[in-house]
Amino acid sequence: MPDLLANLNPEQHAAVTLPNEPALILAGAGSGKTRVLITRIAWLIQQGLASPATVLAVTFTNKAAREMMGRLSALLPIDTRGMWIGTFHGLCNRMLRAHYRDAGLPATFQILDTADQLSAIKRLMKGLNIDDEKYPAKNLQYFINNAKEQGLRPKDVDVTDNFNRKFVELYEAYDQQCQREGVVDFPELLLRCYELLAHNPPLRAHYQARFRHILVDEFQDTNKLQYAWLKLLAGQNNAIFAVGDDDQSIYAFRGANVGNMRDFEEEFRVRHLIKLEQNYRSHGYILDAANQLIAHNARRLGKNLRTDAGHGEPVRVYEAATDSQEAGWIVEEIRALINTGLARHEIAVLYRSNAQSRTIEHTLVNAGIPYRVYGGLRFFERQEVKHALAYLRLIDNPSDDTAFARVVNFPARGIGARSIEQLTDAARLYNCSMAAAIPYVAGKAGSSLAGFANLIAKMRAETQQMSLPETVEYTVRASGLADFYQNEREGQDRLENLQELVNAAAAFVSEEGYGLDTPARSIPLRPGATSAPELATAAGDEVEVLDAPAITDPAQNPDVMTPLAGFLSHASLEAGDNQAQAGQDAVQLMTVHAAKGLEFTAVFITGLEEGLFPHENSAMEADGLEEERRLMYVAITRAKERLYLSFAQSRMLHGQTRYNIRSRFFDELPQDTLKWLTPKVEAGARWGGRSDNAGWGRDWFARPDGQRAGRDEYRGEPSAPLPAFANEQRAAETGFRVGQQVFHTKFGEGTITALEGSGTDAKAQVRFKRHGEKWLALAVAKLQPVE
DNA sequence: TGAAGGTCGCTTTTT
DNA sequence: GCGACCTTCA
């Protein structure tokens, strides 16, 4: 029997072995939070305090859920399938599939992702002739999701004015449309599941009796609805083991409510509050910086990280003249780090907003350093993949109008906007789906639509006995998608992705433990399967906890989805990785948000300027600045050994050059942990704000005070050379070189101290004998070389 | 029916 | 500055 408790520190040990009572674990960054969560489950089972079927563990991302399952089965030889480990949405989906009748849903209900939802809303508004200018579909989407996350149905929303009344009406119409089509959006999965439990006492009692152990990861990120769902599931008797960090709450903008931690403490009368403050990730100076920064936040539960590692390296700070100079410095430092033997994937460049990645990417490309950008299009979001999925959804559920509208004329089959209009009119008239309305459309439009209906019918018939991978492969071909992309000039990648979809289906079948020949569209018989059957309708007050018996009679096991339904859920709930060159050893580029939960030996936090980080929009939001500070805290605590902070005096943003002052966060960090690689300019000596350049010559832009930290003043002893990056290359592009003597008609003689950009964007920094240092646009300024 | 051209917006994002 | 999305036109 493995000793699960070995090597735990006292706080971790205490958390893992708590009695089965409500507990809140305040887990600082890098304090072994996931380890505690996993060890807790393993310990409960090992001690005989819990059987796998009584455990429910919920996370926010599929990645976290997978990690938990993986590490758990490595820790104990248990079948994790008996447990319910997954995301809020994944678990709710599972419950709704099991009790679809009680939840008022068709067996084959489909899940709309955010993009599907928006197109469903647009379709709805078009049908109702709503002015998209006055009531933008995006705003309605936000309104609906927000209401659902507050647990509010249309009848529950307060009508305050006519504008709001319209939104409530549209919300209601949207819900009716979803109901008719048999589709649910993301928040609906949660709300529907909440209502299922709230309105069905026997069912609620069943699950409350079953899930004696509820564990929640990243509790600070839960929204109101998720908290209510947890409360319902816990009932009077069950304990919730909540793990979270209020200092890392960075998702308020999408409904996360840090207040849930306080509420949980009070409402559940939490007697066990344990703080994990021992940090196993970062060196001392880095932690000092994090601790002192976050101490500036007023509303905290309070906690301070400590480490046994030494001080380590100081935090290096660099002030650049421009965003591209900042990028140049970063790349030089990265090159130096790589030269010392550091793996590229141990280096991360973080930024507040995605737009900042461009300059850095550009500079990395020029330097020939491989990198990977996180974010962007993910596999199941690609258009060709979504097209194929739409056909599969139509096979499974013909009423899914979102899927129907997406592919009725793709590949093109002569069904134009007019035909679609006729069809939607008919569908509204007969209150049926678009597919069902086809017979009511007459004429040429009617016959081409009938052709499409026949295609889908044929596909449904042909795939009746096929396995899931066969079904997908058949669909890709029979839909005409394969031919279409085959003939498309740049369709090869898309064709490969469609093949990849077939592979994904095969992988899904094998991971779920289906036989390879299991028909995709029937409830599979899985001899020896350990998934616990659920009550279709629980009767009476007697509730029995069913301990994972083998499934023998599919009719009694409504919780088993067909492989196709499972795969379609999987595609909606897990959008997959983004396609960036995975596998290669590459420098990691991402937003600070995306970096949460990750760690790197060396971290660059870039663009530390007022307006950017903290972001200017945060000033308008309640608690906005504190959230920005938490974001900075998250960023700092990603670093293990080396932390670099940088900012630029000017930056190209939205096609305009902006002049920013350095972030206030610099003043909130302990100064003795910082090592300025460029001279630190005191706040009072600094100019700030925007400059519209009025009154200044058009051909140059410089700080009005004529001062700047020149690269010749660079005093660091960095691993990297001075930011005289790629000078040779610049020389070739601009015709000038750094160090060259030049003459300007207005400013006279000077020396080039830096070059950047190319073509019409090329700029030179020149130190003039009488006018100080200035940046000049080479396309405008007439610089002449002095022999 | 697709290409071309114009307009809009632009913080962070998982499910 | 750039991409996404919408409309327009041949």
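Every chain is numbered from 1, with letters handed out A, B, ... down the list of sequences.
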Please enumerate all protein N or O atoms sitting under 3.5 Å from an N or O of nucleotides 3-6 of chain B, with distances to 0.1 Å.
none

Report each atom pair, protein N/O against N/O of nucleotides 3-10 of chain C, whose distance is under 3.5 angstrom.
{"residue": "dC6(C)", "atom": "OP1", "partner": "K122(A)", "partner atom": "NZ", "Å": "2.8"}

query = Given D245(A) and Q220(A), is the side-chain hydrogen bond (donor to acceptor under 3.5 Å, both in side chains) satisfied, shown in steps?
reply = CA-CA 6 Å; D245(A) 180 359; Q220(A) 77 283 354; over 6 Å; no
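Ring centers of H593(A) and F253(A): under 6.0 Å apart, within the cut-off. Taking the six-membered ring for Trp and the full ring otherwise, F484(A) and F410(A) have centroids separated by under 6.0 Å. Checked against the 6.0 Å centroid criterion, the rings of F604(A) and Y351(A) do not qualify as a close aromatic pair.
Y142(A) pairs by the ring-ring contact (aromatic ring centres under 6.0 Å, His included) definition with nothing, not counting sequence neighbours. A search for salt bridge (Lys or Arg N to Asp or Glu O under 4.0 Å) contacts involving D246(A) returns nothing, not counting sequence neighbours. Among residues two or more places apart in sequence or in another chain, the ring-ring contact (aromatic ring centres under 6.0 Å, His included) test is passed with Y174(A) by none.
Here G414(A) lies in heavy-atom contact (under 4.0 Å) with sugar-phosphate atoms only. Here N409(A) lies in heavy-atom contact (under 4.0 Å) with sugar-phosphate atoms only.
In this structure, Q141(A) contributes its side chain and I121(A) its backbone to no donor-acceptor pair below 3.5 Å. Of the possible donor and acceptor atoms, one in the side chain of N260(A) sits under 3.5 Å from a partner among the backbone N and O of N223(A). With hydrogens and angles disregarded, no donor-acceptor distance shorter than 3.5 Å links the side chain of E181(A) to the backbone of Q179(A).
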note = 5' to 3', nucleotides 9-15 of chain B under a 4.0 Å protein heavy-atom cut-off (B base, S sugar-phosphate only, - none) gives -BBBBBB
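Taking atom CZ of residue F484(A) and atom C1' of nucleotide dG2(B), one finds them 10 Å apart after rounding to whole Å.
Taking atom C1' in both dT12(B) and dC5(C), the straight-line distance is 22 Å, to the nearest Å.
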